[in-house]
Number of protein chains: 2
Amino acid sequence: MMSDDQLENREVDYDQFESGDGELGKAERIVEEVGNEIREGKLKEGGRLPSERELAEMFRVSRMTARNALQTLLSGGLIASYPGRGYFVVGDHERLQERHGELLYPDSDMPPVKAEELIKAGSFYEYMMRLGRNPEDVFLETPALVAANEEVTEHLELSTRELVLKRYRLQLADKKPYRLIESYYPSDLFGELLTTKLDKKPLFLWLQERHGLTAAHVNEILIARPANIYERGQLRISPGAHVMAIERTVSAHTGRIIEWARITASAALYTFMYEYDINIWK
Amino acid sequence: MMSDDQLENREVDYDQFESGDGELGKAERIVEEVGNEIREGKLKEGGRLPSERELAEMFRVSRMTARNALQTLLSGGLIASYPGRGYFVVGDHERLQERHGELLYPDSDMPPVKAEELIKAGSFYEYMMRLGRNPEDVFLETPALVAANEEVTEHLELSTRELVLKRYRLQLADKKPYRLIESYYPSDLFGELLTTKLDKKPLFLWLQERHGLTAAHVNEILIARPANIYERGQLRISPGAHVMAIERTVSAHTGRIIEWARITASAALYTFMYEYDINIWK
DNA sequence: GAGTGGTCTAGACCACTAT
DNA sequence: TAGTGGTCTAGACCACTCC
C-alpha cells in the first residue's frame, strides 16, 4: 500500500504534531513548565509541588487539566504523589543503574558491588547501605517448598512437577519500594536452606561450597509495560507508571539451571547497561 | 459509593488495592473486562472496539471514565487509537524481539537475522520482509556531515569538534512506526559514504573491506520513560505511552568507536534479551 | 453530516493526611 | 477540621475520518 516513494524525506502524515508554533495543549504547557522547573532545580528534590487545585488556579485551568499534567510527570517518575499529602519531586539519585545484573554507583570512586544481586539480601542491600540509605528486604511470603507450576517447571527445566524453593520479596530503600522479586530454585540443591542460616553469605557462594556448582551464566528477558493494579499497590506507583518486567534465568557451569526469577521494578527507577560482542564476522 | 464498611482487612498500607473483593474502580473494571476479551481473542487482532461513547453507555459510566480505561489499555500497547476512526486491537505479533541487537523471529524455524541492525537498511528491513510485512526506512534528515556537538564528541571519543556523518531516520512496518534512530559516525571512516552507493551491503562489512576495521563490541544503555510530545508524534503513540530509550556505542576490534546511536522505540513493541557471564568467582 | 478520539470545564464525593 | 490526591460526572468544542 503506497510504499513507492519511500526515498527522500517523506511527505506529510507525521508533522501534524510539532507543526503549529508551540501550539501545545494547556496540560502540555504545564508539563513543560513544571518539568523544566524541576530539571533546573528551582523545585528541589523532595520539595512539595503546588496542589492540584493551586496549580489549576495558577494556570487558569480546571483541576482535571492540572491533574492530567501532573499525571504525565508522575508516569515519568519525575514526581511522586501521596494521597492526602501532595506531589513531591523525586530525586534523580534514586534511579538505580544496573549493568549485567550488577548495581553501579553514581560516583565512580566507589567500587562497584559485584554480582551479588544473585545473593541473599544481595547487592541491593549493600548498594543502598553504601549510599547511606536504609534498605529493607521484605518477604511477602515465607520462603517455602512449593509444587512447581507449569511455568516454573519449564524454566527450571525440571523433568516432572517437583518441589521448588520459592522466595517472594519486595526490596525497599528508605521505605520506598524498588522492586518485586519472585524467584525459584531446585529443591534438591536449595531445599536445606529453609533450615540453614546463611547470614550474609552469598547464595551462590554457598551453593559452590556445598554442592560444587558455580553460577556461571545469566539470561534476561526484559520488557517495559504499565504496572497492573497489584504492582502499583506494592511498588507504590500511579496508574500509567511503567515497570520493567525481567525474567532472569541463571545457570551453573554445568549448564544446569539453578534459578529462575521474575523481577518487577519501577521503570522510573532503573537504568540498564549491557555489553556484548558482535560475532557475525566469523 | 457506600465505602464505609470495607473495614475488613485494613491495616498496613499495602493491601488497600487488592483487598476488597473486586472492589475496583469503575474504570479498572472496564480495563479488566475489555483487556480479558482481547487476551482471550474474543476481540480479534485489528478489530475495532466500541467507541468511547458506546463503552460509556454499556458500562453505565461517563465518557471520561470509559476513556480513562481505554487510555490504560492504550499505554500498554494492547490497543491503538486513531482520531476520527476509533480504537483497534493491536496484534501480539507486532512486538519485536531483540537479542543482543539481533531481531528474533517468533517462529524458531526461521533463521535469525544477524546483527544487521548495524547496517544500512539493516536487519529491521530484512526482518519485516521475511514476516511478510512492508518495511520502510524514512530519513527524517538527509544524511550529511555535521559538526559534532559536545555529546557526540564525547561518545565518539573525538579529540576536537570534528565533522561526523549523521543519519536520522524512522523505521516503519506497514506504515506503523517502530523506532527513531539518530546515529553518528566518524567522518574520516564514513564520510565517503555520502557519495558511495552501498545498496544492501552491510555498513560495517563495507567498513571492514574498505578500512580493515571490524565492528566487534557493543555497549547499550537502556531506560524506559514516557514519550515526549515529539516522539509521540513521530512514533504515533498516545500520551502516557512509554519508549525504550537506548544509547548504543559500537567499537571496532582496535577499540576505536565507530558508531554512536540514540534509539527511541515504542516500549509496547519491544522485547529485549541479554545474556552474560557471571565472573565474581575468579 | 454523522461519528470519532482529543481536550477541557466546573462541579462532586471519597479516603486519607496533617494538625 | 481543613486540605490533599483519587475518582467520577455530564456536559462542551475541536479536528479529523468516513461516507
Side-chain angles (χ1 to χ4, degrees), chain A residues 12-17 19-20 23-31 48-57 59-75 79-88 175 227 229 232-233 236-241, chain B residues 1-17 19-20 23-31 48-57 59-75 79-88 175 229 232-233 236-241:
Chain A
V12 280
D13 229 333
Y14 283 121
D15 26 40
Q16 72 207 46
F17 291 89
S19 55
E23 198 53 76
L24 304 181
K26 298 182 182 181
E28 282 295 343
R29 219 194 85 216
I30 300 177
V31 171
R48 185 174 167 282
L49 273 64
S51 73
E52 294 177 349
R53 292 163 178 86
E54 286 167 346
L55 220 48
E57 197 175 3
F59 284 88
R60 300 172 161 280
V61 297
S62 73
R63 185 188 154 205
M64 281 305 296
T65 301
R67 179 179 170 76
N68 262 341
L70 289 167
Q71 293 302 312
T72 298
L73 294 168
L74 207 50
S75 68
I79 62 177
S81 70
Y82 303 94
R85 300 212 291 130
Y87 291 87
F88 296 83
K175 303 289 181 192
I229 195 168
R232 294 212 306 268
R236 299 291 236 172
I237 53 182
S238 331
Chain B
M1 320 317 159
M2 256 319 287
S3 53
D4 289 323
D5 54 356
Q6 70 193 39
L7 14 116
E8 273 281 298
N9 30 3
R10 220 353 81 212
E11 97 206 350
V12 249
D13 246 337
Y14 278 124
D15 30 36
Q16 69 206 42
F17 292 91
S19 58
E23 197 53 76
L24 305 181
K26 298 183 181 181
E28 281 294 344
R29 219 194 85 216
I30 300 177
V31 171
R48 186 174 167 282
L49 274 66
S51 73
E52 294 177 350
R53 292 162 179 86
E54 286 169 346
L55 220 46
E57 196 176 3
F59 284 88
R60 299 172 162 279
V61 297
S62 73
R63 186 188 152 205
M64 281 305 297
T65 301
R67 179 178 170 77
N68 262 342
L70 289 167
Q71 293 302 312
T72 298
L73 295 168
L74 208 50
S75 68
I79 62 178
S81 70
Y82 303 93
R85 300 214 290 130
Y87 291 86
F88 296 82
K175 302 290 180 192
I229 196 168
R232 293 212 307 269
R236 299 290 238 174
I237 53 182
S238 329

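As the structure is a computational prediction, the values presented were derived from the model and not from experiment. Order of the sequence lines fixes the chain letters, A, B, ..., with proteins taken first and strands second; residue numbering starts at 1 for each chain.
Atom CG of B:L70 and atom C1' of C:dG5 are 10 Å apart (whole Å). The separation between A:L74 atom CG and D:dG5 atom P is 11 Å, rounded to whole Å. The nearest whole Å value for the distance from the CD atom in B:E52 to the P atom in D:dT9 is 14 Å. In this structure, the CZ atom of B:R67 is 9 Å from the P atom of C:dG5, given to the nearest Å. In this structure, CZ of A:F88 is placed 9 Å from P of D:dG5, rounded to the nearest angstrom. The CZ-P distance, from B:R85 to C:dG6, rounds to 12 Å in whole Å. Nucleotide C:dT4 holds its C1' atom 15 Å from the CD atom of B:E57, rounded to whole Å. Going from atom OH of A:Y82 over to atom P of D:dG6 covers 11 Å, rounded to whole Å.
Legend: residues meeting salt bridge (Lys or Arg N to Asp or Glu O under 4.0 Å) with A:R85, ordered by chain and number and at least two apart, are absent. For A:S75, the side chain to side chain contact (heavy atoms under 4.5 Å, CB included) partners at least two apart in sequence or on another chain are B:P226, B:H242. Scanning for side chain to side chain donor-acceptor pair (under 3.5 Å) contacts around A:S51 gives an empty result, with sequence neighbours left out. With sequence neighbours excluded, no residue satisfies side chain to side chain donor-acceptor pair (under 3.5 Å) with B:S81. Shown here are the side chain to side chain contact (heavy atoms under 4.5 Å, CB included) partners of A:A66, two or more places apart in sequence or in another chain: A:L55, A:A56, A:V61.
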Between the protein and nucleotides 10-15 of chain D, list every N/O to N/O distance that falls short of 3.5 Å.
| from | atom 1 | to | atom 2 | distance (Å) |
| --- | --- | --- | --- | --- |
| D:dA12 | N6 | B:R63 | NH1 | 3.0 |

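The line from CD1 of B:I79 to OH of B:Y87 is 6.5 Å long, rounded to the nearest 0.5 Å.
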(request) Could you go through the side chain to side chain contact (heavy atoms under 4.5 Å, CB included) check for A:R29 and A:F59 one step at a time? (result) CA-CA 9 Å; A:R29 219 194 85 216; A:F59 284 88; 3.5 Å; yes
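Contact annotation: A:T65 does not reach the phosphate of C:dT7 (side-chain N/O to OP1 or OP2, under 4.0 Å). Of the side-chain N and O atoms in A:S81, none sit less than 4.0 angstrom from OP1 or OP2 of D:dG5. A sub-4.0 Å separation between OP1 or OP2 of D:dG3 and a side-chain N or O of A:S51 is absent. Using a 4.0 Å cut-off, no side-chain N or O of B:Y87 falls inside it from OP1 or OP2 of C:dG3. Taking only side-chain nitrogens and oxygens, A:R60 never comes nearer than 4.0 Å to OP1 or OP2 of C:dT9. Side-chain nitrogen and oxygen atoms of B:Q71 include none within less than 4.0 Å of the OP1 or OP2 phosphate oxygen of C:dG5.
Pairs passing the salt bridge (charged side-chain N to carboxylate O under 4.0 Å, His left out) check and including a residue from residues 66-75 of chain A, sequence neighbours excluded, read A:E52-A:R67.
When all heavy atoms of B:A27 and B:A69 are compared, the closest pair comes out as O-CB, 3.5 Å.
Of the charged side-chain nitrogens involved, none lies within less than 4.0 Å of a carboxylate oxygen, so that A:E57 and A:R63 do not count as a salt-bridged pair.
Mapped onto DNA chain C by nearest heavy atom, B:E54 and A:A27 fall at different nucleotides, with B:E54 at the one closer to the 5' end.
One axis for each end of the helix from C:dG1-D:dC18 to C:dA18-D:dT1, each built from five base pairs, and the angle between them comes to 0° at 10° resolution.
Using a 4.0 Å heavy-atom cutoff across all strands shown, A:E28 reaches no nucleic acid atom at all.
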